[in-house]
Peer 1: 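First the structure, which I've put down as structure tokens, then a few questions once you've had a look.
Naming convention: chains lettered A, B, ... in sequence-line order (proteins, then strands); numbering from 1 in each chain. Only heavy atoms go into these numbers, but all of them, side chains included; no hydrogens, no water, no symmetry mates.
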Amino acid sequence: MRFAFTEDQQMLRDTVREVLARECTPDVVRRAWEAQDQGEKKAEGPFQTLAETGLLGMMLSEEAGGLGMNEVDAALSIEAAGYAALPEPLIETLASIRVLESRLKGDGVELLSQIAAGEARLSLALDVGGVVPFAETAVLFIVFADGRLSLNRREEVELDVQVSGDRTRSVARLRGLKAPGIELGRGEEAVTLRAAIFDRAALGSALFLNGLARKMLELAVEYAKDRVQFGKPIGAQQAVKHHLANALIALEFSKPLAYRAAWTLAENEPDYPVHVSMAKLRASEAARTIAKLSLQVHGAIGYTIEHDLHLFMKRAWALTAAYGTEDFHRARVGRAILPEQGDKNG
Amino acid sequence: MRFAFTEDQQMLRDTVREVLARECTPDVVRRAWEAQDQGEKKAEGPFQTLAETGLLGMMLSEEAGGLGMNEVDAALSIEAAGYAALPEPLIETLASIRVLESRLKGDGVELLSQIAAGEARLSLALDVGGVVPFAETAVLFIVFADGRLSLNRREEVELDVQVSGDRTRSVARLRGLKAPGIELGRGEEAVTLRAAIFDRAALGSALFLNGLARKMLELAVEYAKDRVQFGKPIGAQQAVKHHLANALIALEFSKPLAYRAAWTLAENEPDYPVHVSMAKLRASEAARTIAKLSLQVHGAIGYTIEHDLHLFMKRAWALTAAYGTEDFHRARVGRAILPEQGDKNG
Amino acid sequence: MDLRFTEKEEKFRAECRAWLEANVPKEPLPSGDTREGFDLHVEWEKKLFEARYAVVSWPEEYGGRGASLMEWLIFEEEYYRAGAPSRVTQNGIFLLAPTIFEFGTEEQKERILRPMAAAEHLWAQGWSEPNAGSDLASLTSTARRVEGGWRLTGQKTWCTRGSFCDSAFGLFRTDPESERHRGLTYFLFPLRGEGVTLRGVDRLDGDEGFAEVFLDDVFVPDRDVLGEVNQGWRVAMATTSSERGLSLRSPGRFMATASRLIELYTRHRNTADPYLRKEVIDAYISAEAYRYYTFGTVTRMMEGGEIGADSSMNKVYWSEMDVRTHEAALALLGSDFELDEGSSDASDRGAWLKGFQFALAGPIYAGTNEIQRNIIAERVLGLPRK
Amino acid sequence: MDLRFTEKEEKFRAECRAWLEANVPKEPLPSGDTREGFDLHVEWEKKLFEARYAVVSWPEEYGGRGASLMEWLIFEEEYYRAGAPSRVTQNGIFLLAPTIFEFGTEEQKERILRPMAAAEHLWAQGWSEPNAGSDLASLTSTARRVEGGWRLTGQKTWCTRGSFCDSAFGLFRTDPESERHRGLTYFLFPLRGEGVTLRGVDRLDGDEGFAEVFLDDVFVPDRDVLGEVNQGWRVAMATTSSERGLSLRSPGRFMATASRLIELYTRHRNTADPYLRKEVIDAYISAEAYRYYTFGTVTRMMEGGEIGADSSMNKVYWSEMDVRTHEAALALLGSDFELDEGSSDASDRGAWLKGFQFALAGPIYAGTNEIQRNIIAERVLGLPRK
């Protein structure tokens, strides 16, 4: 039993952090917000630079130009992306690229390199009637519909544009397919592949949420040190201290569950879904709690969209409901550890 | 709409308070504890004095020697009894004495006066298999068993002695009846009478809990003012202040629900059960919360049985489960305001 | 104790209900915290005033009905039950007006109250400054004595709907030597004209809810001093107590939210996690507790009592109840949680997400809940300050 | 990261499990915090020591197995899983021993450690004084220099199982001029003999869990000073950090509680309110989170890291988790909630009510959670002290 990351994994995280600290500042995230609000086409930005570090394709085999890495290798980098509120489909790309590699043949293989290079943005549409993120900026979608899993170009997918509380997500409702696209699987196989992608996206969301939570906490800590009221920094007030201590505790006891889930996925442990569910549930709860505490510490300034906090808070809210709500994941844990109650509720 | 008590009602409360402040000090409650622990027969005490004020029989008609008063008139006095942790079946007596008056005839009427005089202690055994309080000190029991409601002497009731966390309650399990006793009702009528008593006992528990909560809060406030650590009273620490503010809020928003429920019972409003349930639920939650906060403020000293806090805390815990648990009462409110979910859970 | 409404109260309720049912816009208005929505809300307010429902508890001479506080609660219950528009006049009628009634001159009452209630003159609050939020007494905006009045200079912030209003009220330092609570004066000041610059600030939910107000030597005549010069703190405290206490958050609002939650639950109950039933029941009970707590407060006030520091309990309770109620609603919405008001598919037009964001401001504004808990502990429970 | 246990670890686990299954008393012992129960627990401890399971992580020379910290966690998991008796040696082996390993002389190690582990010499802690609880540095008990040693005078309180133990450890003021953290010395002192008076204090759950210790000029030889004279605070802090951190509350304990809760739920699920399912799942996840958090801490420590102020997070987390888990259990018990251990009908022999009362001490002892949160805020997050 060794529950820690390797130096290589930490170095990758540091690289990703540096790139994002430089290229995905809050102002960049804010521009993505404003671009969506005004219906502008998405500007180029940090996603390409990240792709250049090899992050997007890291889980591909070496033959496919990747590094043959796994979910544990990627975990800290996804967290770092959350810390920067990267407004790009990183979770979606990392969750599915290995499934794509295993299924794409012929011309399709070229798509893989475009995805890994950050040139072709990929999103997930895993439920008809479900909310699809990055519907405006992605050009490729993995779609689960009519018992098939397929890779489709945007024009092949019937998407009904909606508005997320977090504008950078440019969400839409999946109504169905207009054209079949490249089939990745059908029947049982499609269900299995979809599940593999869904659970990886849920884990990715958990890690991303933990990163967002860390950032919201840090913003509050900095503010509490700087903001003076009643002749001293508000962070000297015990109530503020305890809010922030509670935020830290929520975060620190969420992270181990996410790391463990990453390991079960990397090792393909048969019970990985329950571990993913614990991770996603706790990360969602922690992020909601920390958003609330951070806002409370900021006071009115945090309640404006001029301040950066809302960029992280709204992403967090959106991700708590993406790839399985808290209730979905709790119920899944319940089914694994408890007998059924009556004929439902399980 | 006038939501306040009359001067008469407040005067009665003040009288009860004075009697109890003198005759039901924490030391008296403690002796009741110790007497039970050592299997001693219960000493005489505050119950008789209370009876002399007319409290026990106040709800009887004037013909029966009472004051013809109702649940609103009694409410503040029950709260005052809770504040003193009176170790006597006051809730039980007040909940049932009017039903008894309506049913007892002939020789039975003499029992009424004995109950009202505090000479014959009365308890409630409303469920076979349920927990019966004051099983050792009461001489009369209202028993609901086999579709009958009856008044029985102790020797007629099959009681299996148990131990409560609060020793003053001297609880037992009701197994059944050994002799029929005086029948108060059977069939539908018994069910109706039992419900009338049950709801009044649940309301009485809510009021008593609010009184206990007030006392636990006051003990903590006094301690926080006196106890010096780090060169100042611990009550100057913001964390302690906020604990106690939270305790007060929990209490103050519990009380109106109890008073309203008392009014609906006094007026025999058809929806009184839902109001009783709201009152009992919130009083239980508030008392549990305040017990926890008060203990936390006291620290180790509150964790001993030498300190008075535990006398109030353990009574509170016991009463949260008496005459309907929190879940029972919440479910009852749910049935009144919500559609059913599936085929159970309602 | 008599928990039946009197005949008079019931009649008043029936009148309110009938008028509201006939007059409340069928489609919800756009947010009153946007330019477009504000104008529509002002129209609505004028209609309300014409029907004498704008300020039912005020004396008739100022456009009210001289209704009792209990009747005001009844009006509020009906108002929220009917889903009527939020009140863009509220900072005037709930925060400023009580202060004018208590401290204003006859001339001020005559001049200010009726146009305020009629939505002819719109008022914003100007309490906070960038460095004086929770710590209001640290404010630094100044008023300089000049012939016939004062010259105001400084910056006020978080002025709700400030960009759309005509005037504001707030404290300024009139004694330059003074510190903290002393030497402050309560002024009414213009939000347009020479020396005034406004900057709109978008709120969390995207509406331009706030304004920053920059004042550069803005002239205010003597008649716009409220209460005595250098006594502003005492005058202002009367107002903040009504902000925190009864006025702003009447039970009707939370009862209406609880009813909407029950309706939402009813729609979702077959897919909702069973524990959400508990959350819904608890939300309902909380609103009921708040309602009866308030009836108790109002009875006490009608019989000559004061709210005092109890208003802090009130504020902590409703603000936290409101957050929790909205959290239950968002959990019921499941994966549609994030859909905002612009979404065709958003449940109840995105009202829950918007309402949630608004609810999150509750524990912050009108004195943070941390400050309120200090007040409860120190003034109600008597714990030591230091 | 490798979350499989190594072959060595698995083998160790299997050995522990086999021995515990064969040896743990079938019927739970009476509480170790009563006279009768204490003696039975000491018997059990001796058996544990003979099998070399008393202190698996200690060097073999003191009766341990030189097990790794990870193996210690495994042992603890198995120990609680087997429902083995609570450890009446724990204040010695978890609080005092780490300090002796770090600060003790060779003579002290030789003399003290093995009898402590063997339950031949029982240790109680003597941290608190009546006026020095959370504020430990305000203690006033003194030690006066005499020929060959010191004379201790003062009063110590909340000495867990003090009435039954042989010795205690605590701080005394050796420099009469000193204040607060300075001038204190860490002493080992007798709980029997001349000048020592003990008074048992009954705990919330009725057990005589505490003692007050009155010391009147009690002689302690120089060899019973731990660490340097006047350096007691620094020496003690090493111990309180292990009390708050890893040692006292291993994940095994909470995993076992979560398992028992699941079992209780399984028995009651048809009558339990549906929301309790949520509480049970959350309790399980909390225990899992604590387990993996601890694996992370232990990995870090095994690779040369320190716990430091993180132990405060640990303490807040487990203590509040423990309360909440017991609250869920009591809700499942319904109207039998109040039945105490003396009741024939009490579920699991009243273990839940007793456990709940014990859990309530968690947020208080070993530094209140309020103090812990201050530490987290100041030392981990860097917030200003004043």
Peer 1: Under a 3.5 Å threshold, yes or no: a donor from one side chain and an acceptor from the other, between D:S163 and D:E208?
Peer 2: yes

Peer 1: Give a yes or no answer on whether the side chain of D:Q372 reaches the backbone of D:K315 with a donor-acceptor pair at less than 3.5 Å.
Peer 2: no

Peer 1: Is a donor on one side and an acceptor on the other found under 3.5 Å between the side chain of B:Q162 and the backbone of D:D345?
Peer 2: yes

Peer 1: Can a salt bridge be assigned to the pair B:R169 and B:D166 using a cut-off of 4.0 Å between side-chain N and carboxylate O?
Peer 2: no

Peer 1: Pair B:D199, B:R194 - check salt bridge (Lys or Arg N to Asp or Glu O under 4.0 Å), show working.
Peer 2: CA-CA 9 Å; B:D199 275 308; B:R194 177 197 175 278; over 6 Å; no

Peer 1: Would you call D:E338 and B:R167 a salt bridge, taking side-chain N to carboxylate O under 4.0 Å as the test?
Peer 2: no

Peer 1: What residue in B:T325, B:L319, B:T304 has the most heavy-atom pairs under 4.5 Å with chain D?
Peer 2: B:T304

Peer 1: Using a heavy-atom distance cut-off of less than 4.5 Å, which residues of residues 326-335 of chain D contact chain B?
Peer 2: D:E327, D:A331, D:G334, D:S335

Peer 1: Would you please go through residues 286-301 of chain B and name the residues with a non-hydrogen atom below 4.5 Å from one of chain D, in numerical order?
Peer 2: B:R288, B:K292, B:L295, B:Q296, B:G299, B:A300, B:I301

Peer 1: Would you mind checking which part of D:R180 comes under 4.5 Å of any heavy atom in chain B, side chain (CB onward), backbone (N, CA, C, O), both or neither?
Peer 2: side chain

Peer 1: So, does D:R199 use its side chain to make a donor-acceptor pair with the main chain of D:F214 at under 3.5 Å?
Peer 2: no

Peer 1: Below 4.5 Å, heavy-atom pairs only: which of B:Y303, B:Y323, B:F328 has the largest tally toward chain D?
Peer 2: B:Y303

Peer 1: What part of D:A132 gets within 4.5 angstrom of chain B, counting heavy atoms only: side chain, backbone, both, or neither?
Peer 2: backbone

Peer 1: Between D:R269 and D:T266, is there a donor-acceptor pair closer than 3.5 Å when you use the side chain of the first and the backbone of the second?
Peer 2: yes

Peer 1: If you count heavy-atom pairs under 4.5 Å with chain D, which of B:Q237, B:K314, B:E326, B:H310 comes out on top?
Peer 2: B:K314

Peer 1: Flag this pair as yes if the NZ/CZ of D:R260 is under 6.0 angstrom from the six-membered ring centre of D:W352 and inside a 45 degree cone about the axis; otherwise no.
Peer 2: yes

Peer 1: Any sub-3.5 Å donor-acceptor pair from D:D207's side-chain atoms to D:G209's backbone N or O?
Peer 2: no

Peer 1: Less than 6.0 Å separating the ring centroids of D:Y265 and D:Y275?
Peer 2: no

Peer 1: Output yes when D:K156 and D:E129 qualify as a salt bridge under the 4.0 Å nitrogen-oxygen rule, no when they do not.
Peer 2: yes

Peer 1: Can you tell which part of B:H307 gets under 4.5 Å to a heavy atom of chain D, answering side chain, backbone, both or neither?
Peer 2: neither

Peer 1: Determine, for D:D336 against B:R173, whether the closest basic-nitrogen to carboxylate-oxygen distance falls under 4.0 angstrom.
Peer 2: yes

Peer 1: Could you look at D:L353 and say if it's the side chain, the backbone, both or neither that has a heavy atom under 4.5 Å from chain B?
Peer 2: side chain

